[in-house]
Amino acid sequence: MPEKISIAEARKAESVGKNVILQGWVRTRRDSKGGFSFLELNDGSCFGNIQVIAEAALPNYESEIKKLTAGSSVRVEGEVKASPGKGQATEVQAKSVAVYGFADVETYPLQKKGHSFEFLRTIAHLRPRTNTFGAVARVRNCVCNSIHQFFQEEGFLYLHTPIITASDCEGAGAMFQVTALNLEKLPRGENGVDYHLDFFDRPTYLTVSGQLEAETYACGLGRMYTFGPTFRAENSNTPRHLAEFWMVEPEAAFFDIFDDMDLAERLLKRIFSDVLQQCPEDMDFFNQRIDKTVIATLRHVLDSEFRRVTYTEAMEILQQSGESFEFPVAWGSDLQSEHERYLTEKHFRQPVILYDYPRTIKPFYMRLNDDQKTVRAMDVLVPKVGEIIGGSQREERLDVLEMRMREQDLKPEDYWWYLDLRRYGTAPHSGFGLGVERVLLSITGMANIRDIIPFPRTPGNAEF
RNA sequence: UCCCCGAUAGCUCAGCUGGUAGAGCAAGCGGCUGUUAACCGCUGGGUCGUAGGUUCGAGUCCUACUCGGGGAGCCA
C-alpha cells in the first residue's frame, strides 16, 4: 500500500524506493521533448518542491495533466526514485495523477515568476502559495516555538493576560476602544457617554501591553511571560508598525536591569540559533533572494556580545561622531531613528543595548536612578530594524512610584492594584517587550512588516 | 498625520522637449529524446488609477481625489 507522506519527507534520499501518495499544489509544469511532463509540487512542508514525472501513457495525460498550471491541486501516487537531474535528490515517477482542482490561468493571479510584495498584499489569501510567504510562515513558526521553549527552559510560566483592559493609560499610545454600546444611539449622561450602561460598566480598550498584569503574577510567582496579540491605534504608516502585532513580555521578580539585559540577549541568540539550525532551506532563500547579508549577520550576532552603553555615553558617541544629523543630539531628548541607526549600523555594527534614559522621556513605572535624572530603562537596537526590545527595571518603591505618577499627570488611585504590589511585600523586578514581527524582519531581511504577519492590520487595511 | 515618489497588457516595467501605445514573463498554438526561473517561432491581449482642466491634439502638462512605496513622528 502506498504511504501518504509529506513532500519534505519525499525529498529525502532515504525515501527512494517507497510507494507514496503526495498531495499538494502545482508550482509549474514543464513538458519534455520526450512526450512526458515534469510537475513541480509543493505542499508547504518544506521550501523545496518535488519533481513529479508524468508519462504520456497515463490515461488522463492529454485530458488533464497537460492542462495543469500553477495553483492546481493534485494527488500523485507513485514511486520515489533517485533523480538523475540536477537540483534534487529524489523525484517521483507517477503511477497516477488525480486533479482536485484546476486554477484557471485567465483569472488565477499567481504566476511562476516573481511578483512584487505590494501586489501580493492585495491577494493576501493566495500569497501563502509563494516561496517567500511559505518561508516566512515556517520561520515565524520556528521563532514562536523557540520563544516558548526558551522561557520554559528558563523556568518562566506562560501567562495569559487580558486582551480587553480598562487601564486606559498604560503609556503606550492610542488604543482601540471596545464597546457593546450601539454607536448609532449612544446613551448620554451629563458628562458625555454614560459608560455605566456599557458591557463592563466602564470604558474598555484592546490591550497595548500585558505588562502591568504580568507584574502582578511576577510579584508572587517569580518568572512569567506573556505572548499574545497587542493593539495600537496609532496612525502609523511605516514598514515597521502594525495596528495588531504579537509581543512577548517576560516579567521576572528579583531581576535587576542587568539580569533583564542578559535575558534579552540570551533570548535573541536562542531564537537566531534555532532558526539557522531548523530552517536552513528557508534561510538560504532569504539570503539569496531577499538580503544577501542575513545569514552572516545572524552568525555575527551569535558570536558577539551585545554592546551595552548608557544613554549618556551614547549621546557622547553621537556628538563626537562627526556625522551631520538632521536632528540635533542633545541630552534629554529622545534618540531619533537616524541616531539609533548610526549607533547600531555604523558605530558598533551589531545589536546595542542602551540603558539609563532621562526620566522625562520614559514612563512612570521605570525605576528612578540615584542621580534622580535617569531611569532604569533599556532598549535593544538592531541594525536596519531599530528598536526590537524595550524594557526596564520597574519602580518598586511605593513613594517614588506615586511621585512619578503625579509627575506624569496620572492618578495613583486609578492604579490601586498596581500600587498594592509595592504596598505589600514589594520586590525588585524587571521585564521587557519583544516585537515578534520585528524579530522576524531582522531574521529574514524582509523590508516590510506587512509581509511578516499573515494578515496585516494597518490604517485603512483589514480586508482579509 | 507630515514630506517626497509612483500608478501604462494577467504580472514586472519602458514610453525623450505633447503627435492617437511597446518589451519581457504569463497564456494559446507549433517545434524540440529529462526538464528544473527550460528553450525557439507565431498568435491573442490595453477606456494608460479616477474626475476635471489646458491644447488642433494628452500616457506625456496642470488641479483635486483614490491607492501604493520610501522617509519622519508614535513605538514593539
Side-chain angles (χ1 to χ4, degrees), chain A residues 27-41 48-56 66-67 69-71 81 83-88 91 93 103-123 130-131 170-174 208-211 229-249 264 288-289 326-327 334-338 340-341 361-363 379-382 385-391 432-442 447-453 458-461 463:
Chain A
R27 284 292 177 81
T28 172
R29 188 194 83 233
R30 292 183 296 272
D31 297 330
S32 140
K33 317 169 198 181
F36 55 94
S37 295
F38 297 99
L39 303 174
E40 290 273 348
L41 213 60
N49 308 321
I50 191 140
Q51 175 164 285
V52 173
I53 286 76
E55 300 279 357
K66 289 264 286 196
K67 291 180 179 144
T69 52
K81 295 189 165 178
S83 177
K86 287 182 180 173
Q88 65 272 328
E91 61 186 29
Q93 183 75 35
D104 180 7
V105 294
E106 297 296 326
T107 53
Y108 187 63
L110 287 175
Q111 295 167 8
K112 199 154 57 174
K113 296 242 167 173
H115 295 280
S116 68
F117 293 137
E118 293 83 3
F119 170 68
L120 292 173
R121 259 171 243 153
T122 69
I123 49 166
T130 64
N131 284 336
E170 292 177 17
V208 294
S209 164
Q211 180 198 320
T230 307
F231 307 89
R232 304 275 165 91
E234 302 288 348
N235 190 9
S236 296
N237 290 286
T238 85
R240 300 178 305 283
H241 288 86
L242 290 165
E244 177 182 290
F245 63 97
W246 288 70
M247 188 157 66
V248 179
E249 295 180 283
Q288 280 171 31
R289 294 297 180 89
E326 187 186 341
F327 294 92
D334 213 348
L335 276 83
Q336 302 290 318
S337 280
E338 57 173 347
E340 295 181 352
R341 292 182 83 107
I361 59 173
K362 289 293 182 183
D379 286 353
V380 180
L381 311 178
V382 297
V385 178
E387 188 178 339
I388 200 170
I389 283 177
F432 60 78
L434 168 74
V436 170
E437 286 77 16
R438 291 204 177 162
V439 171
L440 281 159
L441 281 178
S442 71
N448 196 312
I449 201 164
R450 297 168 193 204
D451 302 323
I452 279 298
I453 193 164
T458 53
N461 212 321
E463 174 75 12

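Small disclaimer: the values here were computed from a predicted structure and weren't measured. Residue numbers start from 1 in every chain, and the chains themselves are labelled A, B, ... in the order their sequence lines are given, proteins ahead of strands. Just so you know, these numbers use all the heavy atoms, side chains as well, and skip hydrogens, waters and symmetry mates.
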Which residues pass the side chain to side chain donor-acceptor pair (under 3.5 Å) test with [X], sequence neighbours left out?
| X | result |
| --- | --- |
| A/E40 | A/R30, A/N49 |
| A/E338 | none |
| A/Q336 | none |
| A/T238 | A/H241 |

Worksheet item: For A/F119, which residues count as a ring pair (Phe, Tyr, Trp, His ring centres under 6.0 Å) partner, sequence neighbours excluded?
Response: A/H115

Discussion item. Can you list everything that forms a ring pair (Phe, Tyr, Trp, His ring centres under 6.0 Å) with A/F38? Sequence neighbours excluded, please.
Written reply: A/F36

Item to complete: Select base, sugar-phosphate, or nothing to describe what A/L110 touches, counting heavy atoms under 4.0 Å on all strands.
Response: nothing

Response to the item:
Given Watson-Crick and G-U pairs under 3.5 Å, RNA chain B in dot-bracket ([ ] crossing, | other strand) is (((((((..((((.....[..)))).(((((.......))))).....(((((..]....))))))))))))....

Answer yes or no: is there a side-chain heavy-atom contact under 4.5 Å between [X] and [Y]?
| X | Y | value |
| --- | --- | --- |
| A/D379 | A/K362 | yes |
| A/L440 | A/I453 | no |
| A/R232 | A/F245 | yes |
| A/I449 | A/L441 | yes |

Worksheet item: Please give, in whole Å, the distance from B/A7 C1' to A/F119 CZ?
Response: 15 Å

Worksheet item: In chain order, what residues pass the side chain to side chain contact (heavy atoms under 4.5 Å, CB included) check against A/E340, with sequence neighbours excluded?
Response: A/L335, A/L381

Fill in: Those residues that, when tested against A/S442, pass side chain to side chain contact (heavy atoms under 4.5 Å, CB included) (two or more places apart)
A/F272, A/V382, A/V385, A/I388

Protein-nucleotides 64-72 of chain B N/O pairs under 3.5 Å:
residue : atom : partner : partner atom : Å
B/G69   : OP1  : A/R121  : NH1          : 2.1
B/A72   : N6   : A/N237  : O            : 3.3

Worksheet item: Which letter, B, S or -, goes with each nucleotide of nucleotides 45-51 of chain B from 5' to 3', with contact meaning a protein heavy atom under 4.0 Å?
Response: -------

Report, one pair per line, the protein and nucleotides 37-42 of chain B atoms (nitrogen or oxygen only) whose separation is under 3.5 Å.
residue : atom : partner : partner atom : Å
B/A37   : N3   : A/K113  : NZ           : 3.3
B/A38   : OP1  : A/K112  : NZ           : 2.6
B/A38   : OP2  : A/R30   : NH1          : 3.3
B/A38   : N6   : A/D31   : O            : 3.4

Discussion item. So does A/K66 get a backbone contact from the side chain of A/R29, meaning a donor-acceptor N/O pair under 3.5 Å?
Written reply: yes

